[in-house]
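Reading through the structure tokens given below for one structure.
Excluded from the calculations below are hydrogen atoms, water molecules and symmetry mates; all remaining heavy atoms, backbone and side chain alike, are included. Convention: sequence-line order gives letters A, B, ...; per-chain numbering from 1. Quick caveat: nothing in here was measured; it's all calculated off a predicted structure.
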There are 4 protein chains.
Amino acid sequence: MNIDPTMSVPIYKQIADYIRQTVAAGVYRPGEMIPSLRALALQLKVNPNTVQRAYEQLEREGLVRSRKGLGMFVTQQGAKTAQTKSEAAVCSAFARGIRAALAAGIQPPRVLTAFEKAWESVETEVRAQA
Amino acid sequence: MNIDPTMSVPIYKQIADYIRQTVAAGVYRPGEMIPSLRALALQLKVNPNTVQRAYEQLEREGLVRSRKGLGMFVTQQGAKTAQTKSEAAVCSAFARGIRAALAAGIQPPRVLTAFEKAWESVETEVRAQA
Amino acid sequence: MNIDPTMSVPIYKQIADYIRQTVAAGVYRPGEMIPSLRALALQLKVNPNTVQRAYEQLEREGLVRSRKGLGMFVTQQGAKTAQTKSEAAVCSAFARGIRAALAAGIQPPRVLTAFEKAWESVETEVRAQA
Amino acid sequence: MNIDPTMSVPIYKQIADYIRQTVAAGVYRPGEMIPSLRALALQLKVNPNTVQRAYEQLEREGLVRSRKGLGMFVTQQGAKTAQTKSEAAVCSAFARGIRAALAAGIQPPRVLTAFEKAWESVETEVRAQA
DNA sequence: GTGGTCTAGACCACA
DNA sequence: GTGGTCTAGACCACG
């Protein structure tokens with residue numbers, strides 16, 4: 001997992017996004033526990049309050065549920081919720097891009113080209129990490 | 001033009017993006033003046049300082065050049081700069097979406113579906129405005 | 001540090017120049033935090049917004065990086081950037097003087113004399129402060 | 001004569017500086033008339049008010065004196081005044097550079113190097129114009 | 001506590 | 001009229 005404290009995206013959001021994507025991808029299944037607050041804070045070398053804030057948001061989304069003294073557990077509908085949320089985020093990012101493109105007078109074919117270009121650049125990133 | 005003060009994107013950035021897209025679309029051509037600080041502030045019902053901040057950023061990007069007592073003028077390379085910047089913003093939005101999709105374990109075909117869905121939703125918006 | 005609000009150079013630029021020189025001189029090293037907005041504003045008796053404006057410029061130059069909730073930190077290449085920028089500013093001031101001198105028909109030997117005179121006057125200032 | 005309306009130096013100051021340097025260089029001698037307000041405005045394609053402002057400043061400096069209906073004439077002590085003023089401006093530019101250099105921890109030998117570099121760059125400019 | 005944004009209103013410099 | 005700077009004071013987001 002990669003947390004970059006220098007990015008403009010706040011740390012707590014990076015954490016929440018990461019957990020949500022992980023649940024959506026099926027790494028943590030309904031009923032399973034996600035990493036404990038303190039363990040994750042230690043691993044990422046961030047303030048426990050920051051992790052807490054991320055976990056609060058996930059709980060508000062209904063993705064996980066805290067059981068006192070035990071930890072945070074993925075809810076039964078958690079996987080589905082995570083998938084829906086994640087897909088909505090993806091759609092929203094695409095919509096923002098398309099809206100900006102049309103406003104700038106970029107023609108539809110060129111918008112598709114931009115999409116392909118973005119795709120390739122992401123694939124290159126992924127390969128570089130591996 | 002639509003400014004939404006409730007969005008997380010700061011107002012001054014929304015204004016800068018709007019002007020940049022406008023220049024990219026050829027509404028204001030090199031050598032022409034963009035709306036005066038106060039005029040735009042009145043129209044958008046925001047503080048002149050906020051518009052100024054947007055204009056400062058555009059000047060830093062080399063899109064416009066300010067002349068005291070006269071106004072802000074689109075530079076010769078302004079149109080090209082605006083197009084490049086705008087396209088980069090579009091690509092970046094797409095890349096963000098794709099990255100999030102892959103992280104959430106969404107399969108490539110479904111990513112394309114999401115893109116098409118986003119496209120349609122934007123088209124619906126545009127029609128609604130017209 | 002001396003801020004002179006009566007000078008034609010805007011205060012926020014004086015502050016930015018001061019911090020840049022400080023970083024160039026090695027007072028703040030890469031990874032270290034520069035004074036907080038409010039602290040510096042109090043010390044200089046200026047509005048925090050004015051200091052912020054200076055800090056924004058330094059961040060744009062890549063000298064520092066802001067982390068919300070923590071402060072502004074000198075980047076790894078910050079020291080080098082600061083030195084380069086500072087030296088460029090010095091050269092530019094000299095060039096402006098030389099250009100003015102030649103335009104006024106001052107002969108090269110007298111330009112050198114003027115430079116020596118300026119040097120002595122600065123040394124006198126420095127001694128006076130100490 | 002070169003007036004650049006896009007520069008940060010205000011136009012009226014560019015004009016005043018130019019005339020002052022010209023007088024210092026002996027192009028216009030005491031008792032001679034400098035170009036008429038309207039003629040210069042036409043030639044430089046600037047607002048006559050702007051030229052007027054430059055001329056007002058020169059008159060305040062005691063460099064020229066207006067004779068109603070005739071024009072602006074270089075005063076008897078005008079040449080000397082212009083030379084003094086010009087030299088002071090040169091010294092001041094040098095002093096600013098030296099002050100910035102010392103503040104940035106640049107060692108005296110390197111300051112001299114910067115001065116030589118500036119000199120060469122100005123000479124290159126001059127040759128390019130010719 | 002940190003930085004970031006916004007408003008209201010002032011004053012200045014410039015053409 | 002134009003843009004540029006500054007203050008005072010508010011509210012928010014982040015750690």
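Between the CD atom of Q52(C) and the P atom of dA10(F) there is a distance of 18 Å, rounded to whole Å. K68(B) places its NZ atom 5 Å from the P atom of dC14(E), with the value rounded to the nearest Å. Atom CD in Q57(B) sits about 12 Å away from atom P in dC6(E), given to the nearest Å. Atoms CD (E56(A)) and C1' (dC14(F)) sit 13 Å apart, rounded to a whole Å. Rounded to an integer number of Å, the gap from L40(D) CG to dA15(E) P is 14 Å. For the pair M33(B) CE and dA15(E) P, the interatomic distance rounds to 15 Å; values are reported in whole Å. When rounded to the nearest whole Å, the span between CG of L70(B) and P of dG4(F) equals 11 Å.
Taking side-chain N and O atoms only, S66(C) has a distance below 4.0 Å to OP1 or OP2 of dG4(E). Between R53(D) and the phosphate of dC14(E), there is a side-chain N or O to OP1/OP2 separation shorter than 4.0 Å.
Looking at R65(B) and E59(B), a side-chain N of the basic residue comes within less than 4.0 Å of a carboxylate O on the acidic one, giving a salt bridge.
Nearest-nucleotide mapping onto DNA chain E: of Y12(D) and G69(C), the residue sitting toward the 5' end is G69(C). Take the nearest nucleotide of DNA chain E for R38(C) and for V9(D): the residue whose nucleotide is more 5' is R38(C).
One finds the CG atom of L37(C) at 11.0 Å from the CG atom of L42(C) (value rounded to the nearest 0.5 Å). Once rounded to the nearest 0.5 Å, the distance linking OH of Y28(D) with CZ of R20(D) reads 15.0 Å.
Pair assignment for dT5(F) gives dA10(E), based on Watson-Crick or G-U wobble hydrogen-bonding distances that are each under 3.5 Å.
Q14(D) places a side-chain N or O within donor-acceptor distance of the main-chain N or O of D4(D), the cut-off being under 3.5 Å.
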Between protein and nucleic acid, restricted to nucleotides 7-9 of chain F and to nitrogen or oxygen atoms under 3.5 Å apart, what atom pairs and distances do you find?
| residue | atom | partner | partner atom | Å |
| --- | --- | --- | --- | --- |
| dT7(F) | OP2 | N47(C) | N | 3.2 |
| dT7(F) | OP2 | T50(C) | OG1 | 2.5 |
| dA8(F) | N7 | N47(C) | ND2 | 2.8 |
| dA8(F) | N6 | N49(C) | ND2 | 2.7 |
| dG9(F) | O6 | N49(C) | ND2 | 3.0 |

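Taking 4.5 Å as the limit, some side-chain heavy atom of Y55(B) sits within range of a side-chain heavy atom of L58(B).
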